[in-house]
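The block underneath contains the structure these notes are about, expressed in structure tokens.
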Amino acid sequence: MSIPESEYLSPVWKDGLFNGRVVFVTGGAGTICSAQTRAMVRLGADACIIGRNVEKTEKAAKDIATARKGARVIGIGGCDVRSYESLASAAGRCVKELGGIDFVIAGAAGNFVVPLSRMSPNAFKAVIDIDVIGTFNTVKATIPHLVESAKRNPLPSKDGLTGGRIIAISATFHYTGMPLQGHVAAAKAGVDSLMASVALEYGPFGVTSNVIAPGPIANTEGMSRLSGVGDDVMGKRIPSGRLGSVRDISDATIYLFSDSGSYVNGHVLVVDGALWRMGGSVGVGTEIGVQYPDFLFTGQIAKGLAGQKGSSSKL
Ligand code: HXC
């Protein structure tokens with residue numbers, strides 16, 4: 001299903017910003033990362049998206065390709081970021097079929113709402129593995145191609161075109177700590193830290209490494225997993241007065257990947273309407289009548305969240 005451009009890209013960017021360039025995206029069939037990829041494709045890039053689910057990933061690739069006539073978008077399913085080998089093989093296929101990798105979005109993530117008291121060691125490890133090890137594997141599998149791209153695209157850019165850039169998708173939970181998100185907060189702290197080291201080690205090779213930290217973004221898998229509070233109620237808790245849109249994240253991506261972001265390196269760009277500055281728990285695991293800290297005593301977190309297991313037993 002083709003999506004109107006106004007939903008994934010602001011009307012402020014120049015056509016052809018990413019002509020002849022290739023973006024490699026883990027989690028590229030997900031709601032946020034598919035919008036980022038779609039925006040890149042609309043502005044000239046070809047793309048390779050990676051995911052665990054074969055059908056979902058291939059379908060998303062076909063759909064993203066409709067954003068620009070002649071766009072080439074490969075969907076590689078059956079690829080888990082926890083396996084370095086499967087990522088290296090996907091990166092190899094991307095280079096072979098599309099000619100290189102100029103941009104990377106490390107977007108694959110795992111999330112479910114659970115208190116520490118009910119979190120098994122394997123549950124904690126699963127999220128650390130997907131987010132931290134997965135981001136490391138993504139960096140490891142693609143960085144030689146990004147260094148090559150940075151060589152082909154020295155700065156200052158003569159034609160406005162760029163390459164050799166990587167973004168990881170993080171969160172803001174670890175700035176304060178977050179009930180029911182102890183695993184995710186720890187993982188995202190690791191992601192931010194890793195990406196800073198990438199900036200320091202690969203900046204001298206012309207690569208930029210940054211992080212985008214989205215706040216609550218409407219109509220995403222993340223929101224369906226995190227909060228049972230309606231969008232209107234949640235929006236009122238956010239200083240900017242609304243939930244974010246996937247377009248807000250796409251626009252941040254275009255800023256960082258295009259020539260406008262050339263001197264931004266080792267940065268965490270928070271796109272959350274200032275929500276994290278309100279501090280701490282603002283809606284994770286809650287719904288009307290289910291609030292912090294009550295859910296820690298009753299064991300009853302919001303009903304109907306995606307990815308939930310088990311009961312409301314006392315913690
Ligand atoms: C408690 C849970 C659980 C739950 C899983 N586990 N869900 N524990 N409550 N709701 C435990 C399991 O019991 C198991 O531990 C361990 O986690 C691993 O679970 P598996 O199902 O075996 O793992 P796997 O198949 O690899 O699935 C990974 C997953 C799953 C992360 C657990 O939820 C998943 O595939 N999610 C899809 C991707 C995703 O979450 N995307 C959301 C991105 S949104 P035991 O001990 O039983 O073996 C996002 C937003 C970030 O990231 C925040 C932005 C603001």
Side-chain angles (χ1 to χ4, degrees), residues 26-35 50-53 56-57 77-83 86 105-135 168-192 211-229 234 237-238 243-246 248-249 252 268-273 275-276 278 280-285 295 299 301-313 315:
T26 70
T31 26
I32 289 183
C33 294
S34 64
I50 311 304
R52 274 184 289 167
N53 184 308
K56 183 179 169 192
T57 307
C79 180
D80 192 321
V81 293
R82 289 171 281 193
S83 156
S86 76
I105 299 171
N111 200 337
F112 44 84
V113 164
V114 68
L116 292 166
S117 59
R118 287 215 306 263
M119 192 186 304
S120 72
N122 195 40
F124 186 84
K125 183 175 180 301
V127 171
I128 296 290
D129 281 351
I130 297 171
D131 290 21
V132 186
I133 310 292
T135 301
I169 304 302
S170 187
T172 60
F173 298 161
H174 49 300
Y175 306 166
T176 54
M178 181 67 68
L180 311 179
Q181 290 283 279
H183 48 341
V184 175
K188 296 302 193 184
V191 168
D192 289 7
V211 168
I212 292 176
I217 304 298
N219 305 317
T220 55
E221 181 171 1
M223 280 308 285
S224 74
R225 284 175 173 266
L226 288 174
S227 179
V229 175
M234 186 67 156
R237 296 177 185 175
I238 299 172
L243 270 76
S245 65
V246 291
D248 293 318
I249 308 303
V268 178
L269 180 53
V270 179
V271 184
D272 77 334
L275 179 59
W276 83 266
M278 296 294 287
S281 177
V282 286
V284 170
F295 53 60
I301 55 179
K303 294 189 187 84
L305 299 183
Q308 278 306 288
K309 279 198 168 179
S311 68
S312 59
S313 63
L315 311 178

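Whatever order the structure lists ligands and atoms in, that order sets their numbers, starting from 1. None of these values were measured; they are calculated from a predicted model.
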### Query
Can a non-hydrogen atom of Met119 be found less than 4.0 Å from any atom of ligand 1?
no
### Query
Any protein heavy atom lying closer than 4.0 Å to atom 30 (C) of ligand 1?
no
#### Entry: Met278 side chain near Arg237 side chain, heavy-atom distance below 4.5 Å
no
### Query
Does the protein put a heavy atom less than 4.0 Å from atom 46 (O) of ligand 1?
yes
### Ligand-residue contact atoms, ligand 1 with Phe173, heavy atoms, under 4.0 Å
53 (C), 55 (C)
#### Entry: Contact with ligand 1 for Lys125, non-hydrogen, under 4.0 angstrom
no
### Message
Checking contacts now, so for atom 8 (N) of ligand 1, which I'm interested in, is there any protein heavy atom under 4.0 Å?
### Response
yes
#### Entry: Proximal ligand 1 atoms for Gly110, defined as those under 4.0 Å from one of its heavy atoms
31 (C), 39 (C), 40 (O)
### Message
I'd like to know if atom 22 (O) of ligand 1 has any protein heavy atom within a distance of less than 4.0 Å.
### Response
no
### Query
Relative to the heavy atoms of Pro214, which atoms of ligand 1 are at a distance of less than 4.0 Å?
55 (C)
### Numbered atoms of ligand 1 (with element) below 4.0 Å of Ser120, judged on heavy atoms
15 (O), 45 (P), 46 (O)
### Task
State the atoms of ligand 1, each with its element, that fall below the 4.0 Å cut-off from a heavy-atom position in Ile130.
28 (C), 31 (C)
### Message
At less than 4.0 angstrom from any non-hydrogen atom of Gln308, what atoms of ligand 1 do you find?
### Response
10 (N)
### Message
Checking Ser170 against Asp192: is there a side-chain donor and acceptor pair closer than 3.5 Å?
### Response
yes
#### Entry: Sub-4.0 Å protein heavy atom near atom 40 (O) of ligand 1
yes
### Task
Just jot down the ligand 1 atoms closer than 4.0 angstrom to any heavy atom of Gly222, in number order.
44 (S)
